[in-house]
Each structure stands twice: as C-alpha cells, then as structure tokens.
Amino acid sequence: MSKIETERLSQAYKEKAKRLKTWSGIELEPAYGPRNGGTDYAADLGDPGQPPYTRGIHKNMYRGRLWTRRAVVGHGAPEETNARFKTQIEQGVAGLDVITDTPSMVGLDADHPMAEGEIGICGVSISSLEDMELLMAGVPIEKVSTVLLPGGTQCPVVFAAYVALAQDRGLKPSQLRGTISNNPLHLYFCGPVGKITNPMDLSLKLSVDIIEYCTLNMPQFHSGYSNAYDMRESRIGAAQEIAVGFAEEMAYIDGALARGLDIDDFEPRRSMYFSAHTDIFEEAAKLRAARRMWARLMTEKYGAKKEATRQLRFGVHTGGSSLFPQQPLNNVVRVAYQALAAVMGGAQSLHCCSYDEPVAIPTEGAQQIALRTQQILAHEAGAANVADPLGGSYYVEALTDQLEAAAGEFLDEIDQRGGFLAVAETGWLQAKMDEATLNFQAEVEAGERVLVGVNAYTTEEEDLTPGGVFRVSDQAERLVIERLQRLRATRDEGKLRTAIEALAQKAAAGQSENLIPAIIDALRAKATKAEIGGVIRQAFGYSYDPLGMLENPFEGNG
Amino acid sequence: MADIPIKVLITKLGLDTPDRGAMVVAHALRQAGMEVVLLDTFQTPEAIVDAAAQEDVDVIGVSCLSGEHLRLTPRLMQAIADGGLTDRLVIYGGIFPREDIAVLKEMGVDNVFMGSLSGEFIDYIEQNHAAKRSA
Ligand code: B12
C-alpha cells in the first residue's frame with residue numbers, strides 16, 4: 001500500500017458523523033430519552049385512526065389498502081403518453097398521474113410562437129378536448145384513479161375536458177375518482193411563471209370554481225391539493241414546508257367559505273402534497289406533526305365538525321432537489337430512504353423520483369426501478385405491516401414536537417403578515433426561500449454539508465448516463481400542431497362564437513357564476529385551451545395571451 | 001484593466017422556469033467580483049442577444065433545466081451570430097444528459113456546467129473570457 005493509501009484508509013476509519021443537525025438544520029442531541037418527551041398519549045398521539053391522528057388516519061393503515069403507488073408521466077403527443085400508461089400498468093402502478101408540458105403550464109396552445117421546441121418535452125401537450133380524448137383513449141376513467149397535473153389557471157380547462165370526456169362516454173361526473181392539482185397559488189413560489197401567467201384574483205376564483213363544482217357534482221373526486229412539495233423544493237426546512245402548505249390551503253378554504261360552501265362539505269375531498277427528503281427521521285416526523293397540527297387547526301380555527309375534515313390526507317413526492325446529477329445511480333438509494341420516510345409517515349399516495357431525475361424526464365427502466373422501490377417497501381421491507389412504526393421513539397416524538405412548534409410559529413408569522421396571498425404579493429416568503437437556497441449552496445460549497453458524489457467521494461463522471469436517456473419523439477410537435485390546425489380549420493365558427501360569448505359573459509359576472517359548465521360547452525364547441533383561458537383572462541382585465549404576444553381572435557369581425 | 005469587472009449575462013431560455021440555479025450562479029459570480037445582469041424568465045433567443053449587446057457583456061450564461069436545450073440552442077447561436085456577438089463566451093449550466101454536452105459544444109457553446117460547485121465556472125470564466133473577446 002502506498003503512503004497515500006494508508007493515510008486515506010486510516011482517515012476513513014476515523015470518520016465520524018459530521019453535520020449534527022437534521023437535513024433542514026435542527027440541532028440534535030447525541031441521544032434522546034424520556035426526558036425529551038412531554039407528550040400526553042391520549043391528547044397528543046392517540047392510536048392510529050384516533051384524533052389528533054398523529055399516528056395516522058386509519059386504524060389498520062396499509063392493511064386496509066396500501067398507499068397508491070403512482071409514477072408521474074407525460075411526454076410528447078397525447079397518444080404517446082397514452083402508450084406509456086400501458087407500460088406503467090404492466091409495471092404495477094396503482095393509479096395514473098399525468099403532467100402537462102411547459103406550454104400547457106404557461107397556458108399556451110401548442111401552436112403559440114413561444115411553444116416552439118418546448119412541446120411535449122416536460123409533459124404531455126394538451127390543447128383541446130380532442131387531445132384529452134386521445135390521452136385517455138381506452139382508459140376506463142370510471143374505474144381508475146387519475147391525478148391530473150396541469151398548471152395554475154389551466155386547471156379548470158383540463159378538468160372540464162376530463163368531465164366532458166366522461167359525459168361523452170355516457171358516464172356521470174359523480175363516477176369519476178382521482179384528483180385535479182388545482183393549486184395555482186403556490187406557483188407564486190415556483191419561479192416567475194406564477195406571477196406572469198396566474199394572476200392572483202383569477203387563480204383564486206377559478207380554483208374555488210373547481211372546488212364548488214366537485215363538491216356539488218363529484219363526491220369521489222378530490223378538488224385539489226395544496227402543493228407544499230413544490231415550495232419545499234427551494235430548500236426551505238421541513239417545518240416551513242408544513243406551514244407554507246397549510247397557508248396555501250387556508251387561502252383556498254377562505255375562498256370556498258366566502259363562496260358560501262361549508263368546510264365539512266368540501267375539505268374532506270381535498271389533500272396536501274408533501275415532499276420526503278433524505279433525512280428519514282425528520283421527514284417521517286414532519287408528516288406526523290402535520291397531521292396533528294391539521295386536526296387542531298381544523299377544529300380550533302374553522303370549527304370543523306366532521307372527522308374527515310380533521311384527518312389530513314396527503315400524497316408524497318420524493319424530494320427531487322435532493323437528487324444530484326453526479327453518480328446518478330446513487331439516487332436509487334436516496335429515493336429508497338425518502339420513500340421509506342413517506343410510508344413510515346403514513347402517506348396515502350407516493351410518487352418516487354427516478355434516479356435520472358437530474359438528467360431528463362425518466363426512461364421506462366428508471367421509472368420501473370422507482371416503482372419497484374415502492375413495491376419492495378410494501379412487500380419486503382416490512383414497512384406496510386404496522387401503522388406508525390416510529391411512534392413512541394424518543395427521538396421521533398421529540399422531532400415531531402419540535403417540527404410542530406416551528407411550523408406553528410412560521411404559520412403564525414404568515415398569518416400576521418396577512419396570510420398566504422399577502423406574503424406572496426409582498427415577496428416576504430420568496431425572500432425566505434431565496435435565503436434558504438443560497439444557504440444550502442453555501443453549506444455545500446463549504447463542505448459543511450456532505451453530499452455523496454457531489455462534494456465528497458467524487459469520481460470521474462461517466463460520459464454516458466447509465467440506463468440511457470429518455471428522448472421525446474421528434475414527431476410530437478408536428479403531430480399536435482397539425483391536429484390543432486385541423487381543429488381550427490374545420491370547427492363550426494357560429495357554434496364556437498356562441499360558446500365563447502357565453503363564457504365571456506359568465507366570466508364578466510365575477511364570483512357569482514361558476515365557469516366550469518361554460519368551459520365544458522366551449523370545449524365541446526372546439527374552443528382550445530388557450531382560447532378559453534384567454535377569454536377568461538380578459539374578463540378579469542388581463543391580456544388575452546398570457547405572454548402578451550397574441551390578439552384575441554374573437555374580437556372584431558374575426 | 002483588472003479594475004473593470006467581468007460582465008456576465010445570466011438568463012433562462014424559452015419557457016423553462018426553474019430559477020434556483022440562475023439565482024445561485026448570479027450570486028456566486030457577484031461574490032467573485034463580477035458584474036451580473038440577471039434577466040427575467042421567458043426569453044427568446046433574440047431577446048437574449050439584444051440584452052447581451054445592450055449591456056455589452058463578456059459572457060452569456062444560460063441556465064437551462066427543462067430539456068429544451070437541443071431544440072433551442074441552434075436558434076440562440078444563430079441569433080448570437082446575427083447580432084455579431086460571436087466573440088462572447090457562451091456557457092451553459094443546469095440539467096442535461098451528459099451525452100448532450102458534446103452536442104452543445106458542437107453547436108457553439110463554449111462550456112457546460114451541471115450541478116457544479118461555483119469554483120469551477122468562476123475559474124473558467126476568469127481564464128477564458130478575455131481570450132475569446134480578443135480572438
Ligand atoms: C426544484 C425543481 C423544480 C421546482 C423549481 C423551483 C424554482 N423556483 O426554481 C419546481 C417544483 C417548481 C419545478 C417545476 C417544474 N419542473 Co422541475 N425540477 C426541479 C429539480 C428537482 C431541481 C432543480 C433545482 O432547483 N436544483 C438546485 C439548483 C441550485 O441547481 P441547478 O439548477 O442544477 O444549478 C446548479 C448547476 O446546474 C449550475 N448552473 C445552473 N445554471 C447555470 C447557469 C450557468 C451559466 C452556469 C455556469 C452554471 C449553472 O450551478 C448551480 C449550482 O451548482 C430538477 C431535478 C434536479 N434534481 O435537478 C427538476 C427538473 C428540472 N424539473 C423538471 C420539470 C419537467 C419541471 C416542470 C416543467 C414540470 C411540469 N411539467 O410542469 C416544472 C416547470 C414548469 C415550467 N414552466 O417550466 C425536469 C426537466 C426535464 C428535462 N430537463 O428534460 C427536471 C430535470 C426533473 C425531471 N427529471 O423530470 N421544478
């Protein structure tokens with residue numbers, strides 16, 4: 001052995017735990033014991049299925065039904081994503097989970113000048129009811145639980161297309177199961193896309209329309225979820241994640257209450273989206289703390305009467321920003337820990353990122369490993385057999401208490417500053433997030449935070465991505481644009497204008513008209529997603545085109 | 001000469017919105033004494049070149065995460081040529097398949113940084129911007 005090798009070996013032997021904090025920075029003691037607790041079992045924990053639901057919302061937890069194993073999918077033309085569903089079903093997903101591409105996220109049709117080069121790259125391209133039909137061709141939507149993930153103010157259009165599709169198939173909307181993302185407000189914290197394309201008053205109005213429509217017509221469908229996950233991605237802490245997620249949800253609740261809805265009617269069909277990063281104990285504790293806090297919040301602040309309102313249901317998305325491009329296969333391991341935390345924290349559904357998350361949207365093979373990770377957890381790791389396996393751990397209970405307290409403080413501060421909408425407008429919360437992003441980076445650069453393969457244990461990177469790279473087809477762009485142009489050329493102009501005018505009138509009525517039925521009519525008259533969105537935007541005083549590049553084609557003599 | 005700071009444009013391209021990397025990079029370059037012009041999201045290649053010309057930057061830095069790099073880079077390089085800015089260092093950072101690094105370089109990108117610590121691209125800019133501008 002060379003001198004250097006000997007030195008290395010002895011260094012490695014002596015290595016000890018380095019960063020004596022949780023992932024999000026809570027200082028830790030060397031060991032925890034009864035002295036750290038102050039928990040009253042009945043009041044603060046309760047058995048699984050008992051308030052305050054710290055230990056889970058079901059008595060039997062996964063013995064009743066496993067969490068829904070999902071895998072977000074969406075690329076290219078609708079028929080290409082449809083083909084991927086079949087692969088996913090073969091791989092064993094328990095529900096579908098579809099995301100739209102960046103033009104759709106921004107509210108543009110596929111033939112918008114800015115959509116060039118962007119179609120289908122990051123999700124499926126959807127511009128019309130016809131696209132929705134192709135996306136869901138052959139999928140028995142009354143039997144499958146589907147999550148629809150369009151962006152912001154596009155949600156009502158994609159949601160309406162799903163409902164229209166059901167009706168066209170002779171189904172009742174009440175037969176549909178699944179979830180529409182319907183969380184436009186969190187986009188204020190996802191880069192400038194929020195402010196530019198999802199004005200706040202419009203976002204709130206449209207999200208409440210969906211909540212109201214679902215509450216009245218679709219008892220099995222989830223009318224939306226607040227997206228704590230996306231906001232955590234800027235690297236705020238676990239406690240802050242709970243607080244921002246709840247703050248967002250409270251904005252929708254307040255909107256729905258102002259519409260005259262009863263919290264016990266609509267809130268049981270909503271949920272939260274949390275992340276799970278790599279610190280197993282902190283993440284599981286976070287999910288436990290969130291449930292307890294929610295039960296109290298619903299009772300104390302909103303006077304909820306139904307147990308279902310007090311039971312926090314959530315999906316988990318493993319933490320994408322905790323996966324790194326260096327030595328990408330290491331991400332398989334990270335995701336496994338993250339998923340374990342989610343399941344030990346009692347998630348209702350789970351999407352696991354693929355190891356190629358920091359490369360491109362996943363290959364089929366990478367996505368299969370991510371799904372197998374969930375299946376191994378369910379059937380080999382013993383994670384599904386017993387509810388709340390960490391309950392009673394001195395450490396985890398102490399963390400749960402600490403996270404709940406810190407989340408409560410942060411939520412109070414948001415409240416004092418006027419609530420979620422206010423801190424979005426003033427930039428206060430964004431500044432906190434920016435600070436968190438920069439702090440994390442500084443810790444990595446200084447080596448204070450060890451990231452394996454990134455700033456420690458590095459190796460020469462391979463030139464090729466293990467398992468290959470997923471490439472969106474070259475034909476997708478042409479296919480969807482041609483289809484859209486055909487639709488525009490062959491539709492009945494008279495019917496279209498009637499539907500668009502009716503929609504514009506209803507939109508001008510402000511809060512008093514729920515726009516979903518008029519959107520459904522407009523889709524049937526072959527209006528496109530951006531046309532519908534544009535007409536609604538104008539009624540609220542915004543430019544027809546989200547990017548201000550196109551004119552309203554229905555104005556003037558057309 | 002050493003007193004004039006290196007001027008760098010940091011921008012996103014097209015509809016790509018994840019903006020953490022652009023912010024982190026802009027911060028790191030400022031810490032290193034460079035002058036940074038950080039553009040808003042939703043930039044066309046042409047708008048980027050206009051801004052680069054107007055600000056007379058030494059370096060055009062593109063933070064690209066949403067996978068449109070292969071489709072939009074030829075348009076950006078064309079706009080750079082049309083705008084007469086071929087003497088500026090063009091660097092990319094963000095998320096790319098490693099397989100695409102050589103392709104981007106073939107298209108005219110000088111260097112590509114992914115998930116890197118800031119020292120790497122700071123050194124690279126310091127060592128290469130002047131040579132490119134006087135070439
Ligand atoms: C966080 C995140 C988000 C956050 C962004 C929050 C925000 N405010 O930015 C949220 C949740 C909002 C988000 C949204 C979306 N995301 Co995202 N997201 C990520 C994620 C997990 C991490 C990115 C990140 O912030 N990293 C931390 C920063 C600091 O690192 P970085 O950007 O890599 O920057 C470093 C270096 O690369 C370098 N660098 C970066 N830029 C530059 C520039 C220069 C000049 C230089 C020198 C260096 C440099 O320096 C930095 C410091 O080291 C990545 C996957 C991953 N793990 O990377 C996916 C990812 C980028 N997202 C993806 C997608 C698909 C989306 C969406 C389009 C999804 C959708 N269909 O709606 C949306 C965006 C909508 C839109 N209109 O664009 C894909 C893109 C796919 C592709 N490339 O083919 C990725 C790769 C995940 C995946 N595999 O599916 N996302």
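Quick caveat: nothing in here was measured; it's all calculated off a predicted structure. The chains referred to below are lettered A, B, ... by the order of the sequence lines, with proteins before strands, and numbering in each begins at 1.
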- Task: Side-chain contact test, heavy atoms from C-beta onward, threshold under 4.5 Å: evaluate it for B/L72 versus A/E118 and give yes or no.
- Result: yes
- Message: For a quick test of reading the model, state the closest non-hydrogen atom pair linking B/M23 to A/L438 and the distance between them.
- Response: CE-CG, 3.9 Å
- In terms of side-chain geometry, is the basic nitrogen of A/E233 or B/R20 positioned less than 4.0 Å from the acidic oxygen of its partner? no
- Message: Can you tell me which portion of A/L547 sits under 4.5 Å from chain B's heavy atoms? Options are side chain, backbone, both or neither.
- Response: side chain
- A/D230 versus chain B, heavy atoms under 4.5 Å apart: side chain, backbone, both or neither? neither
- Residue from A/M433, A/R235, A/R471 scoring the most non-hydrogen pairs under 4.5 Å with chain B is A/R471
- Item | Region of B/F96 that comes under 4.5 Å of a non-hydrogen atom in chain A | backbone
- Answer yes or no: are there more than 12 heavy-atom neighbours, outside B/Q54 itself, under 6.0 Å from its atom CD? no
- Message: For B/L117, which atoms come within 4.5 Å of any heavy atom of chain A: side chain, backbone, both, or neither?
- Response: both
- Item | Segment of A/P103 engaging chain B (4.5 angstrom heavy-atom cut-off) | both
- Message: If I compare all heavy atoms of A/E445 with all of B/G119, which pair ends up nearest, and what's the gap?
- Response: OE1-N, 4.3 Å
- Relative to chain A, which of B/S118, B/P18, B/G94, B/A102 shows the most heavy atom pairs under 4.5 Å? B/S118
- Query: At their closest point, which heavy atom of B/R71 faces which heavy atom of A/V472, and how far apart are they?
  - Reply: NH2-O, 3.7 Å
- Task: Could you tell me which portion of A/E462 (side chain, backbone, both or neither) has an atom closer than 4.5 angstrom to a non-hydrogen atom of chain B?
- Result: backbone
- Engaged part of A/D434 at the chain B interface, taking heavy atoms whose separation is under 4.5 Å: both
- Query: So, does A/Q326 use its side chain to make a donor-acceptor pair with the main chain of B/G115 at under 3.5 Å?
  - Reply: yes
- Message: For B/R98 and A/E461: C-alpha separation, side-chain torsions, deciding distance, then whether salt bridge (Lys or Arg N to Asp or Glu O under 4.0 Å) applies.
- Response: CA-CA 9 Å; B/R98 297 209 174 264; A/E461 293 295 325; 3.8 Å; yes
- Within a strict 4.5 Å, meaning less than it, do heavy atoms of the B/D100 and A/V469 side chains meet? no
- Message: Working note: A/T102 + B/T17, criterion side chain to side chain contact (heavy atoms under 4.5 Å, CB included); need CA distance, chi angles, decisive distance, verdict.
- Response: CA-CA 9 Å; A/T102 49; B/T17 62; over 6 Å; no
- Which region of B/L70, side chain (C-beta onward) or backbone (N, CA, C, O), has a non-hydrogen atom less than 4.5 Å from a non-hydrogen atom of chain A, or is it both or neither? side chain
- Contact part of A/C190 toward chain B, heavy-atom cut-off under 4.5 Å: side chain, backbone, both or neither? backbone
- Message: If we ignore hydrogens and angles and just use 3.5 Å, is the side chain of B/E68 paired with the main-chain N or O of A/G117 as donor and acceptor?
- Response: no
- Message: With side chain to side chain contact (heavy atoms under 4.5 Å, CB included) as the criterion, how do B/F42 and A/V106 come out once you've worked through the C-alpha distance, each side chain's angles and the decisive distance to 0.1 Å?
- Response: CA-CA 10 Å; B/F42 301 140; A/V106 177; 3.9 Å; yes
- Item | Between CD on residue A/E116 and CG on residue B/L15, distance to nearest 0.5 Å | 11.0 Å
- Rounded to the nearest 0.5 Å, how far apart are NE2 of B/H27 and CD of A/Q441? 9.5 Å
